[in-house]
Amino acid sequence: YQFRQMKSVLNQLLDYAVERELVSKNISRDIRGISYKHFTQKEEKPLEQQVYLDDEPAQHTQACKEMFQKTNNIAYLAIGMNMFLGLRVGELVALMPKDCKKTYIHIERMEIAHYDFKDGVYIQNGYDVVPHTKTRHSVRNVPLTSMANEFLQMIMNVRDPQSPYLLTHEDGTRLTTNSIAKAQRKVNNQMGTVQKSNHKLRKTCASRMKASHLLEDVDIQRVMGHKDFSTTLQYYCYPVESDESKLEKFEKALQPVQDFSVTECNKKVIPFSKSKKTEDLHKNKSSAFISAHLEGFEPPARGTGNHCSIP
């Protein structure tokens with residue numbers, strides 16, 4: 001699919017060139033049979049590099065608290081909270097206290113990199129906060145769970161009250177995406193796991209919501225700030241259990257079906273005793289049945305050869 005999309009762009013460019021008489025023919029239109037087999041496929045990352053698996057979310061939460069107690073760096077509380085919010089890192093560092101409501105956090109702005117144009121080259125020079133999100137679907141309310149709220153209250157107790165932003169350094173300056181990335185790397189090292197960025201926290205949040213089977217697809221889509229759930233499902237939802245932890249489930253699923261056929265060991269019939277009342281009931285029912293069907297019955301005369309019939 002992606003190769004056909006690339007060819008479509010090339011077709012349009014060359015069609016425009018033909019229209020402007022820059023070239024005489026669009027040779028791209030003569031190319032047929034593009035197959036992915038003609039290209040080297042990009043190797044997918046292992047599952048353990050995509051999301052936090054098994055009990056790693058709990059380990060991450062504990063590591064964030066421990067690292068904050070050691071350093072008093074609010075960035076550790078921020079990434080601990082984001083395990084339960086799934087925000088884009090630019091949305092996370094652009095939060096303000098006024099965005100934090102009783103049951104949700106409102107998302108309406110983000111941080112972007114600032115570039116200066118110098119000597120014909122764009123050079124990054126810090127960060128800016130802009131009053132919009134990545135897309136219009138990213139303006140949303142994200143539910144504030146109890147764990148997210150626990151981290152939020154810790155942040156409220158140590159942030160600079162003079163700053164308009166929620167996440168601040170001790171000197172009152174706002175945290176940036178770079179601050180979050182550094183803290184995230186140290187937490188991963190503390191856990192002894194492979195490096196996973198804030199974006200992997202976002203994927204983990206979506207994957208855990210999906211795996212819970214407690215939420216509608218549209219709920220997960222809205223929390224992630226996507227236009228369509230297809231984006232959420234294709235790029236953000238992964239298994240949250242490692243292959244090793246699933247082995248027991250595979251064992252149960254693939255066990256041979258139990259044979260319920262009759263064998264010598266299960267031929268024995270267990271007799272049940274009948275009470276006199278039950279026997280009398282069956283006797284009375286049998287008599288009533290015979291009497292009802294023999295009423296009006298006349299046996300055939302001898303020698304006629306007719307068979308007996310019950311009306």
Side-chain angles (χ1 to χ4, degrees), residues 57 60-61 64 68 73-114 127-169 172-181 183-184 197-210 212 214-233 235-237:
H60 184 274
T61 297
C64 288
F68 171 73
N73 184 350
I74 203 172
Y76 294 111
L77 298 180
I79 60 178
M81 179 175 68
N82 207 30
M83 174 66 79
F84 305 95
L85 297 177
L87 305 183
R88 298 180 178 95
V89 65
E91 297 169 342
L92 178 65
V93 296
L95 286 175
M96 295 182 177
K98 66 179 183 179
D99 301 323
C100 305
K101 311 301 181 182
K102 185 177 180 179
T103 59
Y104 66 88
I105 292 181
H106 182 64
I107 309 300
E108 64 178 16
R109 73 187 72 82
M110 69 176 185
E111 176 192 83
I112 61 172
H114 177 84
Y127 299 91
D128 295 325
V129 173
V130 293
H132 61 78
T133 54
K134 184 177 180 180
T135 69
R136 63 186 180 87
H137 303 281
S138 300
V139 178
R140 64 198 187 280
N141 294 330
V142 177
L144 186 61
T145 64
S146 58
M147 285 302 302
N149 190 51
E150 179 182 337
F151 278 104
L152 177 60
Q153 296 309 313
M154 295 173 67
I155 291 171
M156 289 292 192
N157 292 334
V158 297
R159 62 173 294 273
D160 184 355
Q162 303 301 319
S163 173
Y165 295 101
L166 178 67
L167 303 174
T168 58
H169 292 289
T173 57
R174 180 182 63 82
L175 261 68
T176 64
T177 56
N178 191 41
S179 307
I180 297 296
Q184 179 70 359
S197 65
N198 179 85
H199 194 60
K200 308 308 180 185
L201 287 179
R202 185 165 155 79
K203 289 184 176 183
T204 302
C205 184
S207 299
R208 294 176 70 192
M209 287 190 286
K210 180 65 176 174
S212 72
L214 297 174
L215 299 169
E216 300 291 339
D217 291 346
V218 67
D219 296 326
I220 305 174
Q221 167 201 328
R222 288 172 179 171
V223 169
M224 291 292 103
H226 295 149
K227 179 181 178 181
D228 301 302
F229 181 70
S230 58
T231 300
T232 311
L233 182 62
Y235 299 107
Y236 287 79
C237 293

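Bear in mind the structure is a predicted one, so any value in this text is a computation, not a measurement.
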Show the numbers, then the answer: is there a side-chain contact (heavy atoms from CB on, under 4.5 Å) between Arg140 and Arg222? CA-CA 7 Å; Arg140 64 198 187 280; Arg222 288 172 179 171; 5.9 Å; no

Taking side chain as C-beta onward, heavy atoms only, is Val89 less than 4.5 Å from His199? no

Can you tell me if Ser207 uses its side chain to pair, donor with acceptor, with the backbone of Lys203 under 3.5 Å? yes

Does the side chain of Thr231 pick up a donor-acceptor pair with the side chain of His226 at under 3.5 Å? no

With a 3.5 Å distance limit and no angle check, can you tell me whether Lys98 reaches the backbone of Leu95 through a side-chain donor-acceptor pair? no

Is any side-chain heavy atom of Val223 less than 4.5 Å from a side-chain heavy atom of Leu85? no

Are Ser138 and Thr135 close enough that a side-chain donor and a side-chain acceptor fall under 3.5 Å? yes

Between the side chains of Asn157 and Gln153, does any donor sit under 3.5 Å from an acceptor? no

Tell me, do Phe84 and Arg208 make a side-chain contact under 4.5 Å, heavy atoms counted? yes

Check: Gln184 and His60 side chains under 4.5 Å, non-hydrogen atoms: yes

Please name the residue in the list Leu166, Leu201, Asn198 that meets the side-chain contact (heavy atoms from CB on, under 4.5 Å) test with Leu92. Asn198

Option among Asp99, Leu87, Val139 that satisfies the side-chain contact (heavy atoms from CB on, under 4.5 Å) test with Ile107: Leu87

What's the separation between atom CG in Asp160 and atom OH in Tyr165, rounded to the nearest 0.5 Å? 13.5 Å

Output for pair (Arg109 CZ, Asp128 CG), nearest 0.5 Å, gives 14.5 Å

In the structure I gave you, are the side-chain heavy atoms of Ser197 and Lys200 within less than 4.5 Å of one another anywhere? yes

Check: Lys210 and Phe229 side chains under 4.5 Å, non-hydrogen atoms: yes

State, with a plain yes or no, whether a side-chain heavy atom of Val93 is found less than 4.5 Å away from one of Arg174. yes

Within this structure, what is the CZ-CG distance for the pair Arg88 and Asn82, rounded to the nearest 0.5 Å? 11.5 Å

Using side-chain heavy atoms (C-beta onward) and a distance below 4.5 Å, is Ile220 in contact with Tyr236? no

CG on Leu144 to CG on Asn149, rounded to 0.5 Å: 4.5 Å

How many angstroms lie between atom CD of Gln221 and atom CG of Leu215, to the nearest 0.5 angstrom? 13.0 Å

What do the steps show when you test Leu167 against Arg159 for side-chain contact (heavy atoms from CB on, under 4.5 Å), and what is the final call? CA-CA 6 Å; Leu167 303 174; Arg159 62 173 294 273; over 6 Å; no

